[in-house]
Amino acid sequence: FNLSKNTLLKRFRTDKFLDYFDIQIINDPLSILSKILNVSNQPHCNFQQNIFLPLYGEKNGKYEVFPRSGLNQWNARGRTRDCNEAYIRVPQIIHQKFADFFPSRDTKFDLKLPNGNIISAKICQEGGKALMSDPNKELGKWILRDVLDLKEGELLTYEKLANLNIDSVRIDKISERSYLINFAKIGSYENFIALLPNSP
C-alpha cells in the first residue's frame, strides 16, 4: 500500500512472456502534450505569480500542526465551533515579500480547488495571518475530510502530513480576485523561502 498515493499495488512475477514489442521514447513529451491539449490557449493555466504556504508551524525547532489553530482551529477553546473550521497560516514573510499578492484583509476572492470547485476565500485575523474560506468550514471540509480523510474530532498531526509526503500548499494568482490552490510536497515552503532574496 502506497501511503502518499493512497493506492493498493500488486506485483506480478513471471518468467514467460507471451509477446513483446519495441517502443519509441519521445525526447520532449511535454511539448507534444502541450500541442495535443493546446495548453497555451487555456486561460486557467496562466497565472501571474505563485507562493507556497505551510500547513504547519514550528515550535522548539520542530514542525507540528498546532492542536488548537490552523487546520485544527475547530479544536480551539472558547465558543462552540464547526468540526470543519480551519485556516491556512500566512507567515509574515509572505506579506513582506509579496505585499500585493493577496487582496486586502477581509476582501473576498475566488479560490479554485483541484477538484474544480470554487470557494469564496479571504485573508483574515490580525496581521493577515490566516487564509480562510467564507463560510469558514468550506476550506476545512475540503482539506480535512475530502483530501486527508480525517474523522470528525480527529486532530491533524505533522506525522500524518509526512506520511502523505505533503506539508504545504501552492497558491497561484490568476487575477486580482481569482486564485488556484494545490497541495505541495514536503519541503516546498521551506525551499520557496530559502530562494527568496535576503531570506532569513
Would a distance-only check, ignoring hydrogens and angles, find a side-chain to backbone donor-acceptor pair under 3.5 Å from D167 to L55? no
Residues forming a side chain to side chain donor-acceptor pair (under 3.5 Å) with D100, sequence neighbours excluded: none
E85 side chain reached by M132 side chain, heavy atoms, under 4.5 Å: no
Side-chain donor-acceptor pairs of residues 113-131 under 3.5 Å, sequence neighbours excluded:
unit_1, atom_1, unit_2, atom_2, d
N115, OD1, N117, N, 2.9

Does the side chain of N191 reach to within under 4.5 Å of the side chain of S188, using non-hydrogen atoms? no
With heavy-atom distances below 4.5 Å as the criterion, would you say the side chains of K108 and D134 are in contact? yes
With rounding to the nearest 0.5 Å, note down the distance linking CG in N50 to CD1 in I181. 12.5 Å
Given side-chain contact (heavy atoms from CB on, under 4.5 Å), test L150 with N72 step by step and report yes or no. CA-CA 11 Å; L150 297 176; N72 288 322; 5.8 Å; no
Carboxylate-amine/guanidinium proximity below 4.0 Å for R177 and D110: no
For Q49, does its backbone N or O pair with a side-chain atom of D172 as donor and acceptor, under 3.5 Å? no
Do any side-chain atoms of residues 56-71 form donor-acceptor pairs under 3.5 angstrom with protein atoms, and if so which ones, sequence neighbours left out?
unit_1, atom_1, unit_2, atom_2, d
Y56, OH, E190, OE2, 2.9
Y63, OH, E190, OE2, 3.3
R68, NH1, N75, O, 2.8

Checking side chain to side chain contact (heavy atoms under 4.5 Å, CB included) against W74, which of D82, L155, L156 comes through? L155
